[in-house]
J.: 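This is the structure I have questions about; it appears just below.
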Amino acid sequence: MIKVKTEQLKKNFGSLEVLKGIDLEVKEGEVVCLIGPSGSGKSTFLRCLNQLEETTAGTVIVDDYDLTDKNCDINKIRENIGMVFQQFNLFPHLNVLENIMLAPVDRKKMTKDEAKKTAEKLLAMVGLAEKAEEYPSNLSGGQQQRVAIARALAMRPDIMLFDEPTSALDPEMVGEVLEVMKRLAADGMTMIVVTHEMGFAREVAHRVIFMDGGYIVEQGTPEEVFGNPQNKRTQDFLNKVL
Amino acid sequence: MSNYFEYVASIMPQLLLGLKVTLQMTVVSLALAVVVGMASCMFSISKVKPLNWISGVYLSIIRGTPLMVQSFFIYFGLTAALDFRISIFKAAVIVLCLNAGAYLSEIFRSGIAAVNKGQMEAARSLGLPYGVAMRKVILPQAIRIVIPSVLNQFIITLKDTSILSAIGCMELMKQSMMIVSRNFRSFETYAVIAVMYYVVVMVLTKIFKIIERRLSN
């Protein structure tokens, strides 16, 4: 089953064309890693998938809903698309538990008790059960990012978007976040991950997509893209980062 | 010296009457100004152009004209032109509320702008509608940021109530002017009300310091 589908997706910032026509289909349970140089449009593309960026042209279809249709209930659809940001974006005025419970309780997906139980379960899953009462400022970057993942999962999404989730972390904390993501992937979550962690892409992704200049330049299994890149730009990029 | 204290004691009842009006005016108009300011702020950051326009006109009129002109315009001008009566107290509250509301609107806007953009994005990505994200994520953070500026505006408005003596509002300033017009003891009298304003401002400052400490845990 197709979970996410874009057709000729275009995005301009003023006169700057960032995405120049992206076609992509992501199947249920598939893990797709987007790689490419900065400025290639990976993050912008990801943000179009939950309409944090309004698209200029083309369509974005998630779970059979056309998000570019002005009449679609974008809030309802977003409940089903979790997102994890490079800068974590935890709510600093709420403690860890409140961060996780805010949306499920407000959107009436759960009662307070239910949300608390779910939050505690998710915290245990990301290995932070003992940090429930802490405020984000008392956590390390890696811990904050794991809480952010738990917060996104609390809405029980069936698609997760990751926007360079380890790029703002100290090197020794990258592993703990990737570990959580690997477990999610193994559990069958549909994931689209913008990343510079080539090791993660190679190990976890079902499909690797190389973007450059607002286009998808090349895609395939990790073996194909990393082992035998066809396009010159892909080869140049991989030569630099590997 | 003991003479002086006797004098102060003799005018104190009248001054306290004025102080009471000053405080009532301040409290009522500031409470309303917070509402007006928040509404105007929401208008100014809205994506709906006519709303931006409304708050833009409001802000520029208030900022572009002196408070005394505003109070004369509303209490004498508008009532004459539209042929209705309004109590001085009500007119004073309306003027102060509109005036402080405009400045608070800009203070709130700057506070909201100071909250990291990622906060709104994270809230929206969870499926929270704009209003909920604003109320539960952005505003609680913005309030902490703006507390010192809000205190400043409250102090300014408190002191600006004295300007309303010009339309005959019987607040502290007006009462002291009436006393002086009777006995010509301007130095002693104005010194007393200066101290009274000062004490009220200090109390207000203390209250805000406590609130600030509470909010930052």
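Per chain, numbering begins at 1; letters A, B, ... match sequence-line order. Hydrogens, waters and symmetry mates play no part in the numbers below; they use all other heavy atoms, side chains included.
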J.: Other residues, nucleotides and ligands only: do more than 12 of their heavy atoms fall within 6.0 Å of CZ on B/Phe76?
T.: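 More than 12 heavy atoms, drawn from other residues, nucleotides or ligands, come within 6.0 Å of this atom.
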J.: Residues of residues 143-155 of chain A under 4.5 Å from chain B (heavy atom pairs)?
T.: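 The stretch touches chain B at A/Arg151, A/Ala152, A/Met155.
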J.: Heavy-atom count check: over 12 atoms from other residues, nucleotides or ligands less than 6.0 Å from B/Lys159 NZ?
T.: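 12 or below, so no.
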J.: At a heavy-atom separation under 4.5 Å, does B/Ala133 approach chain A through its side chain, its backbone, both, or neither?
T.: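 No part of B/Ala133 comes within 4.5 Å of chain A.
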J.: Which of residues 79-107 of chain A get closer than 4.5 angstrom to chain B, counting heavy atoms alone?
T.: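 If one takes a 4.5 Å heavy-atom cut-off, the residues of residues 79-107 of chain A near chain B are A/Glu79, A/Ile81, A/Met83, A/Phe85, A/Asn89, A/Leu90, A/Phe91, A/Pro92, A/His93, A/Leu102, A/Ala103, A/Asp106, A/Arg107.
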J.: How about A/Tyr65: does its OH atom have over 12 heavy atoms from other parts shown lying under 6.0 Å from it?
T.: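 Result for OH/A/Tyr65: open.
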J.: Around A/Glu130, counting heavy atoms of other residues, nucleotides and ligands shown, do more than 12 lie under 6.0 Å from its CD?
T.: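 Atom CD in A/Glu130 is crowded, with more than 12 foreign heavy atoms closer than 6.0 Å.
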J.: When only pairs under 4.5 Å are counted, which of B/Val115, B/Val132, B/Leu128 shares the most heavy-atom pairs with chain A?
T.: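 Between B/Val115, B/Val132, B/Leu128, the count favours B/Leu128.
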J.: At their closest point, which heavy atom of A/Arg78 faces which heavy atom of B/Arg124, and how far apart are they?
T.: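 Shortest heavy-atom separation between A/Arg78 and B/Arg124 comes out as CD-O, 3.0 Å.
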J.: Can you tell me if NZ on A/Lys121 sees more than 12 non-hydrogen neighbours from other groups inside 6.0 Å?
T.: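 No, the 6.0 Å shell around NZ holds no more than 12 heavy atoms from other groups.
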J.: Does CG in B/Asp83 sit with more than 12 non-hydrogen atoms of other residues, nucleotides or ligands closer than 6.0 Å?
T.: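 No, CG of B/Asp83 has 12 or fewer neighbouring heavy atoms, counting only those of other groups under 6.0 Å.
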